[in-house]
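In listed order, ligands and their atoms are each counted from 1.
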Amino acid sequence: MNPEPTDGPLTFEELQLAARNRGIPLEALRHDITPTGMHYLLVHFDIPDVDPATWRLEVCGHVKKPFQLTLESLQKRPRTEFPVTIECAGNGRARMTPRPVSQPWLNEAVSTAVWGGTPLAPLLEEAGVKPGAVDVVFWAADHGVEKGFEHDYARSLTVADAMSPEILLAYEMNGRPLEPQHGAPLRVVVPGWYGMQQVKWLTRIDVVPKAFDGYQQKIAYHYKKDKADPGTPVQRIKPRALMIPPGFPDFLTRVRTVERGRVAIRGRAWSGHAAVARVEFGVDGAWRDAALGAAVGPHAWRSWSVEWDAPAGDHVLTCRATDAAGNLQPTDAYWNYAGAGNNMVQDVRVSVR
Ligand SMILES: Nc1nc2c(c(=O)[nH]1)N[C@H]1C(S)=C(S)[C@@H](COP(=O)(O)O)O[C@H]1N2
Ligand SMILES: [Mo]
């Protein structure tokens, strides 16, 4: 069983997870589209061994015409591709005090890829969702045990949410077949939602007449104040801005050395609730507006920039995003038991010489 949140040093268990699940190197925020090898990665269990030749997608349950599809037949369906920014719900977890013990992300669990595949809604229409259907469950090939619950990874959406036209069954990432770690041969891409909804290694789409109560749906991914609190479900991505740390780093501390004078500060900002409307850049707690670049796509991050006239000395640089729905990133951690949705501002320590 996982331990309770702790103020202690990072544990061996957190190191094990961190060594498997990489974050985006923050300098890779310079790319509109994250190169596949730099895309963040989160795998709960093991990467399953799936043979694309014998793999089938089953569409079943509370539908008039259940069917199965091969990868080839999926690839013959209408194809679309667009960039989507995906962020892990646990991003920011290790910056909470006490620290929920799980994958110890700081700020780096976010990336943008061009996902290619076929829209989900027409497939559900073909299957004919029967009246009384409640949830659409996305079952995956990976299997494990979490907090004592053994299960295949699965997440659901309500039928109404699942019919959203932007949801993709993706077999390509950045113009190539999905890599094993990103869900080969097929994953779900649900723009605007946190990572847990982007089910990889998809095997079965099961339409069910009652609310899905699988572990990853009912127990995990809730904002709760303690273990006993049923909480509220984690769904859409909260706004966040990140900067590319300027200057050069100290190997161990990551403190940056920056030359005094004009420094170009660049970053990215995103929100799953509404478009990013404002980004501010902070120096030692004083905020100013950054210039916004165009979004990389309707479901992807946008760039931002400021020119900073850096005075000599030690400084803390921060940035924060506000979206068009009025959501602003907090300065302090948003604490919750599972360590989800902590979009507190990034801070970067620099030493200007
Ligand atoms: N089947 C399956 N899908 C999964 C996961 C998983 O462990 N198993 N992890 C989820 C989580 S928590 C995240 S953040 C994203 C990460 O996607 P990526 O590794 O392609 O960046 O995948 C999601 N889909
Ligand atoms: Mo995640």
Side-chain angles (χ1 to χ4, degrees), residues 17-18 20-25 28 33-50 55 57 83-94 100 102-117 137-146 149-157 167-174 176-206 214-217 219-222 233-238 240 270 272 300 338-343:
L17 288 172
R20 287 181 57 81
N21 296 309
R22 63 159 183 258
I24 186 174
I33 303 301
T34 312
T36 302
M38 291 199 261
H39 195 286
Y40 93 90
L41 186 68
L42 194 293
V43 178
H44 284 240
F45 307 130
D46 289 349
I47 296 166
D49 186 12
V50 185
W55 173 90
L57 174 69
V84 181
T85 297
I86 296 176
E87 180 176 23
C88 180
N91 204 10
R93 174 181 293 127
S102 181
Q103 168 70 26
W105 298 122
L106 296 166
N107 296 305
E108 59 294 278
V110 64
S111 294
T112 299
V114 175
W115 298 98
V137 188
F138 302 94
W139 286 95
D142 52 328
H143 185 89
V145 57
E146 212 168 312
F149 292 87
E150 186 178 333
H151 59 281
D152 292 343
Y153 189 94
R155 286 277 309 178
S156 64
L157 289 171
I167 300 178
L168 269 191
L169 299 179
Y171 46 79
E172 282 171 13
M173 178 183 186
N174 298 336
R176 295 175 50 84
L178 294 188
E179 305 234 335
Q181 70 276 20
H182 290 296
L186 191 76
R187 79 179 301 172
V188 189
V189 174
V190 185
W193 285 57
Y194 277 120
M196 72 283 156
Q197 198 61 44
Q198 324 295 331
V199 176
K200 305 193 267 192
W201 312 295
L202 186 65
T203 55
R204 188 154 38 100
I205 299 175
D206 189 9
Y215 176 81
Q216 303 293 347
Q217 192 69 31
I219 301 168
Y221 297 111
H222 278 72
V234 174
Q235 297 181 336
R236 288 190 167 269
I237 300 173
K238 297 179 183 181
R240 192 194 295 270
W270 61 93
N342 178 25
N343 64 335

Q | Chi angles and distances behind the side chain to side chain contact (heavy atoms under 4.5 Å, CB included) call for V43, W201 | A | CA-CA 11 Å; V43 178; W201 312 295; 3.9 Å; yes
Q: Say whether Q181, considering both its backbone and side-chain N or O atoms, lies within less than 3.5 Å of an N or O atom on ligand 1.
A: no
Q) Which of the numbered atoms in ligand 1 are below 4.0 angstrom from a heavy atom of V199? A) 3 (N), 24 (N)
Q) Does the side chain to side chain contact (heavy atoms under 4.5 Å, CB included) test come out yes or no for N107 and R240, once each step is laid out? A) CA-CA 10 Å; N107 296 305; R240 192 194 295 270; 3.9 Å; yes
Q: Check whether any N or O atom of L42, backbone or side chain, sits under 3.5 Å from an N or O atom of ligand 1, and answer yes or no.
A: yes
Q.
Set out, in order, the CA-CA distance, both residues' side-chain angles and the distance that settles side chain to side chain contact (heavy atoms under 4.5 Å, CB included) for W115 and L178, then state yes or no.
A. CA-CA 9 Å; W115 298 98; L178 294 188; 3.7 Å; yes
Q. Which protein heavy atom lies closest to atom 19 (O) of ligand 1, and at what distance to 0.1 Å?
A. K200 NZ, 2.5 Å
Q. Does some non-hydrogen atom of W115 fall short of 4.0 Å from ligand 1?
A. no
Q) What do you reckon, does Y221 have a nitrogen or oxygen under 3.5 Å from a nitrogen or oxygen of ligand 1? A) no
Q) Do the side-chain N and O atoms of Q197 and R155 include a donor-acceptor pair separated by under 3.5 angstrom? A) yes
Q) Would you say F45 and H143 make side-chain contact, with heavy atoms under 4.5 Å? A) no
**Q.** 4.5 Å side-chain heavy-atom contact, S111 and Y40
**A.** yes
Q.
Regarding E146 and H151, do their side chains bring together a donor and an acceptor under 3.5 Å, going by distance alone?
A. no
Q: Distance to 0.1 Å, residue and atom name: give those for the protein heavy atom nearest to atom 8 (N) of ligand 1.
A: D142 OD2, 2.7 Å
Q: Without swapping roles, check the side chain of R93 against the backbone of Q103 for a donor-acceptor pair under 3.5 Å.
A: yes
**Q.** Selection from G195, G144, G183 by shortest heavy-atom distance to atom 11 (C) of ligand 1
**A.** G195
**Q.** Straight-line distance of R187 CZ to M173 CE, nearest 0.5 Å
**A.** 7.0 Å
Q. Out of Y153, Y40, F138, who gets a non-hydrogen atom closest to atom 5 (C) of ligand 1?
A. Y153
Q.
Closer than 4.0 Å to some heavy atom of V43 - which atoms of ligand 1 meet that?
A. 7 (O)
Q. Quick one: does W201 get an N or O within less than 3.5 Å of an N or O on ligand 1?
A. no
Q: Keeping the roles fixed (side chain from E108, backbone from L106), state whether a donor-acceptor pair exists under 3.5 Å.
A: yes
Q | Proximal atoms of ligand 1 relative to C88 (non-hydrogen, under 4.0 Å) | A | 14 (S)
Q: Spell out, as yes or no, whether a donor-acceptor pair under 3.5 Å connects the side chain of N174 to the backbone of T34.
A: yes
Q | Residue and atom name of the nearest protein heavy atom (relative to atom 24 (N) of ligand 1), distance in Å to one decimal | A | Q198 O, 2.9 Å
Q.
Give me the nearest non-hydrogen protein atom to atom 7 (O) of ligand 1 as residue plus atom name, then the distance to 0.1 Å.
A. H44 N, 2.8 Å
Q: Specify the protein heavy atom at minimum distance from atom 17 (O) of ligand 1: its residue, its atom name, and the distance to 0.1 Å.
A: R187 NH2, 3.1 Å
(Q) Under a 4.0 angstrom heavy-atom cut-off, which atoms of ligand 1 come close to A140? (A) 1 (N)
**Q.** Numbering as shown, the atoms of ligand 1 that approach H39 to under 4.0 Å (heavy-atom distance)
**A.** 21 (O)
